Amino acid sequence: MVSVSDVFRTWQETFDNKDSSKLAELLTDDFQFVSARRTMNKQEALDWAAGGGNETVMDNLEVLHETDEVSVTCHTANSTLGADGLVMVFYTKRDGKISHGRVVRQEL
């Protein structure tokens with residue numbers, strides 16, 4: 001079963017290394033990434049992350065709740081969009097992978 005801490009580290013590595021191959025292994029084929037700006041399928045999310053994710057820097061992960069089915073996290077996210085933010089993510093899990101991520105970002 002994938003842990004949300006592993007997913008967080010892999011997102012960071014993908015942003016830094018511009019290589020989403022490890023991240024792809026952690027996501028189901030029908031993965032959806034939902035934010036206020038847009039909804040991305042798996043390939044769109046992988047392409048965005050491999051492109052640096054607006055040069056996003058994530059830090060200070062706090063896992064608020066995690067089971068084999070869901071997890072809730074909070075972390076900081078700073079990007080070239082011009083604002084520091086606090087992010088909460090609700091993940092659903094299926095078949096040992098992440099199947100859905102819903103992101104809420106609050107500018108600080």
Side-chain angles (χ1 to χ4, degrees):
M1 182 59 64
V2 66
S3 80
V4 73
S5 297
D6 290 340
V7 173
F8 182 81
R9 281 190 296 275
T10 305
W11 275 106
Q12 287 176 308
E13 290 172 8
T14 300
F15 289 148
D16 293 343
N17 302 330
K18 312 277 193 282
D19 178 1
S20 62
S21 59
K22 289 182 184 177
L23 182 59
E25 297 172 11
L26 303 179
L27 309 176
T28 61
D29 289 340
D30 62 345
F31 172 79
Q32 291 285 300
F33 185 82
V34 180
S35 72
R37 292 176 182 247
R38 61 185 165 180
T39 298
M40 293 184 272
N41 64 30
K42 180 179 181 177
Q43 191 58 56
E44 291 166 334
L46 294 173
D47 292 347
W48 173 75
N54 301 321
E55 296 182 25
T56 302
V57 177
M58 302 185 320
D59 203 5
N60 304 310
L61 175 68
E62 182 178 358
V63 178
L64 303 174
H65 179 77
E66 183 165 27
T67 68
D68 289 345
E69 292 83 30
V70 299
S71 68
V72 179
T73 65
C74 189
H75 63 81
T76 57
N78 306 314
S79 75
T80 57
L81 295 177
D84 294 343
L86 183 63
V87 176
M88 182 172 272
V89 186
F90 174 78
Y91 292 103
T92 57
K93 301 177 185 182
R94 189 177 69 247
D95 301 326
K97 296 182 178 188
I98 300 295
S99 59
H100 184 93
R102 180 161 188 92
V103 177
V104 177
R105 184 176 191 276
Q106 176 63 47
E107 290 185 17
L108 297 175

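Worth saying up front: this structure is predicted, and the values here are computed from it rather than measured.
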**Student:** As an exercise, state the distance from OG of S3 to CD1 of I98, rounded to the nearest 0.5 Å.
**Tutor:**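 If I round to the nearest 0.5 Å, the distance is 8.5 Å.
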**Student:** For K22, look at atom NZ and say whether over 12 heavy atoms of other residues, nucleotides or ligands are found less than 6.0 Å away.
**Tutor:** no
**Student:** Could you list the residues that satisfy side-chain contact (heavy atoms from CB on, under 4.5 Å) with D47, not counting sequence neighbours?
**Tutor:** Q43
**Student:** Quick one: list whatever passes salt bridge (Lys or Arg N to Asp or Glu O under 4.0 Å) with D29, sequence neighbours left out.
**Tutor:**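 Salt bridge (Lys or Arg N to Asp or Glu O under 4.0 Å) check on D29 returns K42.
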**Student:** Kindly indicate whether the side chain of K97, heavy atoms from C-beta on, has any atom under 4.5 Å from the side chain of L27.
**Tutor:** no
**Student:** List the residues meeting side-chain contact (heavy atoms from CB on, under 4.5 Å) with A50, not counting sequence neighbours, and say none if there are none.
**Tutor:** S20
**Student:** Verify the cluster assignment for V72 and V70: are they in a single hydrophobic cluster under the rule of side-chain heavy atoms below 4.5 Å apart?
**Tutor:** yes
**Student:** Sequence neighbours left out, what passes side chain to side chain donor-acceptor pair (under 3.5 Å) with S35? Give chain and number order.
**Tutor:**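 Applying side chain to side chain donor-acceptor pair (under 3.5 Å) to S35 gives none.
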**Student:** Not counting sequence neighbours, which residues clear ring pair (Phe, Tyr, Trp, His ring centres under 6.0 Å) with H75? List them please.
**Tutor:** F8
**Student:** T10: which residues meet the side chain to side chain donor-acceptor pair (under 3.5 Å) condition with it, sequence neighbours left out?
**Tutor:** none
**Student:** Looking only at non-hydrogen atoms, find the nearest pair between G85 and N78 and report the distance.
**Tutor:**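 Scanning both residues completely, I find the closest heavy atoms to be N-OD1, 3.7 Å.
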**Student:** Applying salt bridge (Lys or Arg N to Asp or Glu O under 4.0 Å), name anything that partners D6, two or more places apart in sequence or on another chain.
**Tutor:**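 Counting only residues at least two positions away or on another chain, D6 forms a salt bridge (Lys or Arg N to Asp or Glu O under 4.0 Å) with R9.
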**Student:** Check whether any side-chain heavy atom of N41 sits under 4.5 Å from a side-chain heavy atom of Q32, and report yes or no.
**Tutor:** yes
**Student:** Are V2 and V63 linked, directly or through other ILVMFWY residues, by side chains that come within less than 4.5 angstrom of each other?
**Tutor:** yes
**Student:** With the 4.5 Å side-chain cut-off for hydrophobic clustering, are M88 and L61 part of the same group?
**Tutor:**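 Not linked; separate clusters.
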**Student:** Determine whether more than 12 heavy atoms belonging to other residues, nucleotides or ligands lie under 6.0 Å from atom CD of Q106.
**Tutor:**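 Atom CD in Q106 is not crowded, with 12 or fewer foreign heavy atoms closer than 6.0 Å.
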**Student:** Kindly compute the distance separating CD (E69) from CE (M1), expressed to the nearest 0.5 Å.
**Tutor:**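 Interatomic distance, E69 CD to M1 CE, rounded to 0.5 Å: 7.0 Å.
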**Student:** List in chain and number order the residues that pass side chain to side chain donor-acceptor pair (under 3.5 Å) with N17, two or more places apart in sequence or in another chain; answer none if no residue qualifies.
**Tutor:**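 For N17 there are no side chain to side chain donor-acceptor pair (under 3.5 Å) partners, ignoring immediate neighbours.
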**Student:** Name all residues meeting the salt bridge (Lys or Arg N to Asp or Glu O under 4.0 Å) criterion together with D30; count only those two or more places apart in sequence or in a different chain, and write none if there are none.
**Tutor:**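 Here the qualifying residues are R94.
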**Student:** Any chance you could measure D84, atom CG, to E107, atom CD, to the nearest 0.5 Å?
**Tutor:** 9.0 Å
**Student:** Minimum heavy-atom separation for F31 to A45, with atom names?
**Tutor:** CE2-CB, 3.9 Å
**Student:** Any link between V7 and V34 through a network of hydrophobic side chains (Ile, Leu, Val, Met, Phe, Trp, Tyr) touching at under 4.5 Å?
**Tutor:**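 No, it is not one cluster - the side chains of V7 and V34 are not joined through contacts under 4.5 Å.
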**Student:** Got a second to check how far F33's CZ is from Y91's OH, nearest 0.5 Å?
**Tutor:**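 It comes to 6.5 Å.
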**Student:** Test of understanding: with salt bridge (Lys or Arg N to Asp or Glu O under 4.0 Å), list the residues that count as partners of R102, not counting sequence neighbours.
**Tutor:** none
**Student:** For E25, which residues count as a side-chain contact (heavy atoms from CB on, under 4.5 Å) partner, sequence neighbours excluded?
**Tutor:** none
**Student:** With hydrophobic residues grouped by side-chain heavy-atom distances under 4.5 Å, do W48 and V103 end up in a single group?
**Tutor:** yes
**Student:** Please tell me if the side chains of E66 and K93 come closer than 4.5 Å, counting only heavy atoms from C-beta onward.
**Tutor:** yes
**Student:** To the nearest 0.5 Å, how far apart are CD in Q12 and CG in D59?
**Tutor:**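 Taking CD in Q12 and CG in D59, the distance rounds to 7.0 Å.
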**Student:** Can you list everything that forms a side chain to side chain donor-acceptor pair (under 3.5 Å) with T76? Sequence neighbours excluded, please.
**Tutor:**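 Residues passing side chain to side chain donor-acceptor pair (under 3.5 Å) with T76: N60.
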**Student:** With rounding to the nearest 0.5 angstrom, report the OG1 to CG distance, T28 to D95.
**Tutor:** 8.0 Å
